[in-house]
Amino acid sequence: MPRFITEIKRTNSCGQLTANDLGKEVVLYGWVHNRRDHGGAVFIDLRDRDGVTQVVFEEDVRPEVHALAGQLRLEWVVGIRGKVVSRGGNVNARLKTGEIEVHATELEVFNRSEPTPFQIEDKLDTAEEKRLQYRYLDLRRAPLQKTLITRARVNHLTRNYFTDSGFLELETPFMVKYTPGGARNFLVPSRLNPGKFYALAESPQLFKQLYMIAGFDRYFQIVRCFRDEDLRLDRQPEFTQIDVEMSFVEQNDVFDVIEGLVVRLWKEVLGVDVPRPFLRMPFEESMSKYGNDKPDLRFEMPHTDLTGLVKEHGGGNVPMLKDAVEGGGIVKAMRLAADQALSRTEIDKLEEYVKGMGAKGLARAKIAEGGEWTQSPLAKTIAPELRQAINAACGVQPGDLLLFQFGKPSTVQTVMANLRVHLAKRLGLIPEYGSGGQWRFLWVVNPPLFEFDEESGHWAAAHHAFTRPHDEDVQYLETDPGRVNCYRYDLVLNGFEIGGGSIRLHDPAVQARVFKAMGISDEDARNKFGFLLDALKMGAPPHGGIALGMDRLVMLLTGAESLRDVVAWPKTQKGTDLMTSAPGDVDAKQLKELWVKSTYEPKG
RNA sequence: GGGGUGUUAGUUAAGUCGGUUAUAACGCCGGCCUGUCACGCCGGAGGCCAGGGGUUCGAGUCCCCUACACCCCGCCA
């Protein structure tokens with residue numbers, strides 16, 4: 001009898017066969033997805049990455065094959081040979097292969113399976129902890145198979161797009177010199193250089209700029225990056241970037257290239273036509289209306305910045321407001337329409353929610369007929385003029401509810417930004433994945449070059465020190481650094497930053513002034529970035545670029561709820577791998593070779 | 001570093017006011033069944049209630065600590 005694999009080769013996948021194949025002799029390989037044993041007939045759903053096919057074993061056809069089929073259990077790996085037969089009146093409309101079944105004449109069990117810790121089903125309730133511990137089983141499930149297949153497709157399309165557009169796919173080192181500032185680096189001790197460490201690259205930033213200086217003009221790379229920061233739903237310690245850099249370009253040229261890629265991805269993967277050009281919004285407007293630089297534009301609910309009004313009215317008899325604006329704080333409000341009314345209990349829950357983000361409380365006012373405020377501790381004391389001014393600024397109607405935050409700008413912005421999204425979710429304002437009209441791409445542009453760092457007491461680069469300031473603002477570098485805006489841009493989709501980049505600073509003279517404004521001495525600059533500063537002096541072309549978060553793109557494309565669902569082998573929130581138990585202990589001998597000693601002492 | 005939620009058979013959950021033998025579904029094991037596709041029917045096994053400490057005559061249930069997982073703030077140029 002001929003043998004499977006060596007002699008009997010697979011003819012089809014388990015998602016392929018249809019009524020067009022009736023009568024064919026086929027060979028399928030796969031996993032037992034489900035079994036229904038009726039005694040004289042055994043039905044097996046055979047699964048591979050392409051789909052599921054029903055295989056039937058009948059007692060009166062091949063008794064010994066039927067007997068073996070009766071022993072099959074879930075997740076056994078088998079090969080079968082048989083004939084494609086119509087299901088007649090028993091069509092299964094939910095299966096792509098539901099018109100047919102394969103009547104098996106041969107069966108080989110390649111491997112049995114112990115009962116799996118959880119069942120391999122499309123919809124699974126099992127704790128993510130268990131799924132991660134047995135990730136290879138989790139990955140057998142159709143939704144994750146589909147996601148990773150999409151991911152492979154995005155890789156392929158991206159590579160083709162850039163290569164066809166004249167970009168060169170060039171590599172950069174992962175093991176690099178540590179440079180301070182920015183994300184925390186993973187460090188790799190150097191055995192050959194006692195006491196020295198490599199850093200794992202948090203991005204190819206400096207190397208891609210050096211490629212431009214070396215004359216490679218248009219570069220891209222689909223590249224892994226490493227950051228030793230705390231994890232989030234949309235953040236993993238190693239992640240993949242679509243990294244791009246171009247010479248002789250301005251901001252609009254970068255936008256053109258990236259919009260072209262995104263439009264193609266959405267068309268090819270989802271069949272969706274995304275309109276171009278994407279909306280552009282100044283950083284300032286985004287902060288003012290939405291509280292952050294990655295607004296979700298699928299719903300409105302903008303903030304109203306009341307800082308100016310409150311100042312004009314000297315706090316309007318409300319000591320808390322007065323103190324807030326006089327102490328350098330800001331005041332913001334958000335309007336909830338009358339038909340979005342929340343119960344007292346819900347508002348109390350909201351207050352707990354915002355306190356968790358550092359808010360002192362959640363001031364509110366219900367608008368009565370005639371613009372009076374009720375249900376508010378502010379109602380009694382606030383000057384009527386300020387109250388009216390606020391009503392007008394927020395555009396309230398009777399029955400509306402105003403929610404307020406005031407105080408430290410960063411806290412107010414964070415709280416209000418998260419509150420906006422939180423409320424939109426609760427009010428059902430965000431359309432479900434796949435329901436159409438939900439792809440709100442946005443370029444956030446022209447942010448300030450510096451932000452004031454209260455800890456150190458001087459201006460620091462808001463993003464990185466090699467972003468080009470607007471030419472007309474260069475004059476303020478020394479006198480009013482906060483006024484200098486720059487050619488930095490973020491690509492935002494539905495509340496996620498999916499990319500960010502800038503036009504780079506290629507002029508060494510301006511570069512020196514930027515360092516000076518940041519309080520970095522020539523010596524410091526030389527120590528940290530000497531090689532780049534030297535390079536900029538030797539014929540650096542005007543250049544700029546961007547990096548897109550590949551994982552986040554795939555997450556949004558597939559409707560996944562977590563980055564962990566689009567990364568094949570993700571880490572937990574504490575950065576561990578539950579399957580392999582990384583990170584793990586190492587031998588004392590290894591540490592000695594690396595000139596490393598651990599100071600860790602376990603608790604207790 | 002801080003705030004919050006959770007942890008009960010292999011899996012997902014229930015478990016009332018603190019009360020005596022901790023339930024169910026799916027999975028697993030045995031048996032029957034030729035048209036099922038969430039197959040069905042009969043029978044069975046399976047528990048250190050995350051770990052530790054405390055309160056109590058008595059703790060899955062109340063309190064404290066620890067561990068792990070998840071969400072958020074800080075952090076992520």
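Within every chain, numbering begins at 1; the chains are lettered A, B, ... in the order of the sequence lines, protein sequences first and strands thereafter.
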Report summary line: Rounded to whole Å, the CG-C1' distance (Asp234(A) to C71(B)) equals 12 Å
Requested in this report: Using the aromatic ring of Phe43(A) (for Trp, its six-membered ring), decide whether it stacks on the base of U36(B) within the limits of 5.5 Å and 30°.
Outcome: yes
Query raised in the report: Checking all strands, does Asn418(A) fall into the base, sugar-phosphate, or nothing category for heavy-atom contacts under 4.0 angstrom?
Result: sugar-phosphate
Report task. Would you confirm whether the ring centroid of Tyr487(A) sits within less than 6.0 angstrom of the ring centroid of His470(A)? Result -> yes
Query raised in the report: For the side chain of Arg35(A) and the base of C39(B), is some donor closer than 3.5 Å to an acceptor across the two?
Result: no
Report summary line: Result for 5'-nearest mapping on RNA chain B, choosing between Leu578(A) and Ser86(A), is Ser86(A)
Query raised in the report: How far, in whole Å, is G47(B) from A9(B) if one measures between their C1' atoms?
Result: 5 Å
Requested in this report: Could you tell me how the ring of Phe186(A) sits relative to the ring of Phe226(A): parallel (under 30°), tilted (30 to 60°) or perpendicular (over 60°)?
Outcome: perpendicular
Query raised in the report: When all nucleic acid strands are considered with a 4.0 Å heavy-atom cut-off, which category describes Leu124(A): base, sugar-phosphate, or nothing?
Result: nothing
**Report entry** Separation between the P atoms of G60(B) and G18(B), rounded to whole Å
**Finding:** 13 Å
Query - Donor/acceptor link under 3.5 angstrom from Glu129(A) side chain onto base of U7(B) - result: no
Query - Residue-phosphate contact under 4.0 Å: Thr572(A) side-chain N/O, A69(B) OP1/OP2 - result: yes
**Report entry** His543(A) and its side chain to side chain donor-acceptor pair (under 3.5 Å) partner, picked from Gln209(A), Lys208(A), Arg504(A), Arg468(A)
**Finding:** Gln209(A)
**Report entry** Donor/acceptor link under 3.5 angstrom from Glu101(A) side chain onto base of G35(B)
**Finding:** yes
Query raised in the report: Looking across every strand, which nucleic acid part, if any, lies under 4.0 Å from Glu121(A) by heavy atom: base, sugar-phosphate, or nothing?
Result: nothing
**Report entry** Cation-pi check, Arg552(A) onto Phe496(A) ring (under 6.0 Å, within 45° of axis)
**Finding:** no
Query raised in the report: Given U36(B), is OP1 or OP2 found less than 4.0 Å from the side-chain N or O atoms of Arg36(A)?
Result: no
Requested in this report: Select base, sugar-phosphate, or nothing to describe what Ala465(A) touches, counting heavy atoms under 4.0 Å on all strands.
Outcome: nothing
**Report entry** Is_stacked (His38(A), U36(B)) at 5.5 Å, 30 deg
**Finding:** no
Query - Closest-nucleotide 5' rank along RNA chain B - winner of Lys355(A) and His103(A) - result: Lys355(A)
Requested in this report: Look at the side chain of Arg235(A) and the base of C76(B), then say whether one donor and one acceptor between them are separated by less than 3.5 Å.
Outcome: yes
Query raised in the report: NA contact type, Thr576(A), heavy-atom cut-off 4.0 Å: base, sugar-phosphate, or nothing?
Result: sugar-phosphate
Query raised in the report: With a 4.0 Å cut-off on heavy atoms, is Thr467(A) in touch with a base, just the backbone sugar-phosphate, or nothing at all?
Result: nothing
Query raised in the report: Checking only heavy atoms, does the side chain of Arg73(A) share a donor-acceptor pair with the base of G27(B) at less than 3.5 Å?
Result: no
Requested in this report: Answer with yes or no whether Arg564(A) presents, from its side chain, a donor or acceptor under 3.5 Å of a partner atom in the base of C70(B).
Outcome: no
Query raised in the report: Distance-only, no hydrogens or angles: does the Asp48(A) side chain make a donor-acceptor pair with backbone N or O of Asp50(A) under 3.5 Å?
Result: yes
Report task. Look at the side-chain N and O atoms of Thr116(A) and state whether any lies under 4.0 Å from the OP1 or OP2 oxygen of G27(B). Result -> no
Query raised in the report: With no angle test and no hydrogens, is the base of C37(B) tied to the side chain of Asn34(A) by a donor-acceptor pair under 3.5 Å?
Result: no
